[in-house]
Number of protein chains: 2
Amino acid sequence: MRQLQCDDVLGAMAEMTDFRLNDFLPYLLNNAAEVTSRTFSASYRKKFGMTRAQWRIMAHLGQGGALTATEICARGHLEKSKVSRAVSGLEEGGLLRRMTSSSDRRAELLSLTESGRKVHAILAAQAQEFQQEMEARLGPERARHLAQLLDELAQAEAD
Amino acid sequence: MRQLQCDDVLGAMAEMTDFRLNDFLPYLLNNAAEVTSRTFSASYRKKFGMTRAQWRIMAHLGQGGALTATEICARGHLEKSKVSRAVSGLEEGGLLRRMTSSSDRRAELLSLTESGRKVHAILAAQAQEFQQEMEARLGPERARHLAQLLDELAQAEAD
DNA sequence: CTGCAACTGTCGCATATGCAACAACCACTT
DNA sequence: AAGTGGTTGTTGCATATGCGACAGTTGCAG
């Protein structure tokens with residue numbers, strides 16, 4: 001009797017695998033990324049009215065020299081239409097300059113203007129402060145581990 | 001001469017802090033989350049035409065009993081409007097049922113229907129398979145560490 | 001040189017999203 | 001009992017997004 005009841009329960013349970021949402025890595029990744037980015041994006045959103053995509057483009061261009069839109073797409077795992085529109089916005093804001101490549105007239109070389117570089121300096125400072133808070137919270141060791149793991153994931157799954 | 005040039009370069013550099021985008025945790029988090037979720041979401045998107053938000057709600061409701069929209073918001077770090085619309089979609093699809101709470105007529109208790117449970121079983125199986133792939137790629141140890149770190153981040157920053 | 005496949009960035013359209021405003025409702029005070 | 005502040009879920013609106021179609025361009029095969 002009792003045994004049968006158990007069987008029924010188990011039968012009903014059998015439809016469920018023993019899947020645990022709270023251990024599911026894509027879920028945890030999204031939660032952590034969303035919560036973190038929501039907090040951080042407030043710092044530049046209010047200050048410069050900047051999109052996340054726009055922030056990323058600024059960050060990439062601030063790193064080094066001129067980049068092409070496609071290169072930014074690849075590095076940042078972004079859609080080309082997203083980049084295209086974000087770039088338009090930054091150009092209107094005078095933070096960014098386009099120059100059609102001499103070697104390939106389809107491609108446009110993107111680079112920061114003077115004021116773009118100034119804004120980037122502020123953004124970088126904000127970012128570094130935020131990063132330090134996170135590292136302090138996690139501990140430097142674990143923060144490095146985390147960075148390593150996240151990088152592997154992004155690389156591995158990339159097409 | 002050479003020295004002066006260097007100074008000039010360093011002067012220009014000085015505007016840049018030594019910020020390195022590739023070590024910036026919010027950036028890495030977003031990349032990893034985006035790349036991972038893009039891969040995974042294909043599995044249910046094409047099969048059930050389901051949104052990421054809808055998947056999440058299914059997953060939460062599949063875990064246990066009935067939940068209120070607000071509870072789902074809190075657990076999944078989602079906007080209430082997002083949840084509201086996702087729930088409407090799931091209800092139209094017959095996967096989910098609403099029942100106004102007897103103790104609070106504002107709140108609605110959400111629970112899966114029979115077909116909702118069946119769909120959830122498939123989703124859970126897909127998820128588990130995906131999880132195993134990820135764990136195999138990272139190694140079980142490191143996967144657990146990662147989960148732990150991500151959980152901390154989501155908790156810490158949460159309001 | 002011509003044709004052809006692949007690539008670059010833009011745009012239109014349908015959908016998804018965030019935010020604020022909103023009505024219905026609750027708990028608590030006076 | 002009526003008022004007040006706070007909560008729950010929905011909706012309108014402006015914006016952001018993904019996807020596919022597109023014109024302009026390149027490089028290569030024939």
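Only heavy atoms go into these numbers, but all of them, side chains included; no hydrogens, no water, no symmetry mates. Predicted model, so just to flag it, every value in this text is computed and none were measured. Chain letters run A, B, ... following the sequence lines, proteins first and then strands; every chain starts at 1.
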Length of the line joining [X]:[atom1] and [N]:[atom2], which is rounded to integer Å:
| X | N | atom1 | atom2 | result |
| --- | --- | --- | --- | --- |
| L109(B) | dG9(D) | CG | C1' | 13 Å |
| K82(B) | dT17(D) | NZ | P | 12 Å |
| R85(B) | dG9(D) | CZ | P | 15 Å |

Without hydrogens or angle criteria, can the side chains of N22(B) and R75(A) be said to hold a donor-acceptor pair below 3.5 Å? no
Do you see a donor-acceptor pair shorter than 3.5 Å between the side chains of S103(A) and S101(A)? yes
What are the residues of residues 87-98 of chain B, sorted by number, that bring a heavy atom to within less than 4.0 Å of DNA chain C? none
To the nearest 0.5 Å, what is the distance between OG1 (T36(A)) and NE2 (H77(B))? 9.5 Å
Could you measure the distance from the CG atom of L25(B) to the CE atom of M134(A)? Nearest 0.5 Å is fine. 4.5 Å
So K80(A), base contact, sugar-phosphate only, or nothing? Heavy-atom distance under 4.0 Å. base
Considering residues at least two apart in sequence or located in another chain, which fulfil the side-chain contact (heavy atoms from CB on, under 4.5 Å) criterion with A74(A)? none
Using the side-chain contact (heavy atoms from CB on, under 4.5 Å) criterion, which residues pair with D23(A)? Sequence neighbours excluded. R20(A)
Results of salt bridge (Lys or Arg N to Asp or Glu O under 4.0 Å) for [X] - residues two or more places apart only:
| X | value |
| --- | --- |
| R142(A) | E152(B) |
| R38(A) | E34(A) |
| D104(A) | R106(A) |

Would you give a per-nucleotide map of nucleotides 23-28 of chain D, 5' to 3', where B means the base has a protein non-hydrogen atom under 4.0 Å away, S means only the sugar-phosphate does, and - means neither? -BBS--
Both A107(A) and R45(A) contact DNA chain C. Taking the nearest nucleotide for each, which residue is further toward the 5' end? A107(A)
Does dT10(D) have its OP1 or OP2 closer than 4.0 Å to a side-chain nitrogen or oxygen of S84(B)? yes
Qualifying salt bridge (charged side-chain N to carboxylate O under 4.0 Å, His left out) pairs, either residue in residues 79-89 of chain A, two or more places apart: none
Just jot down the ring-ring contact (aromatic ring centres under 6.0 Å, His included) partners of F40(A), sequence neighbours excluded, or say none. Y44(A), W55(A), F130(A), F24(B)
Taking any atom under 4.0 angstrom from a heavy atom of chain B, which nucleotides of DNA chain C are the first and last to qualify, 5' to 3'? dT17(C) to dC26(C)
Please table the atom pairs, donor to acceptor, closer than 3.5 Å between any side-chain atom in residues 93-100 of chain A and protein atoms at least two apart or in another chain.
| residue | atom | partner | partner atom | Å |
| --- | --- | --- | --- | --- |
| R97(A) | NH2 | L112(A) | O | 3.1 |
| R98(A) | NE | E108(A) | OE1 | 3.3 |
| R98(A) | NH1 | E91(A) | OE1 | 2.5 |

Residues within residues 67-76 of chain B bordering DNA chain D, heavy-atom distance below 4.0 Å: T68(B), A69(B), T70(B)
Under a 3.5 Å distance rule, please check whether D151(A) uses its side chain to pair with a backbone N or O of A147(A) as donor and acceptor. no
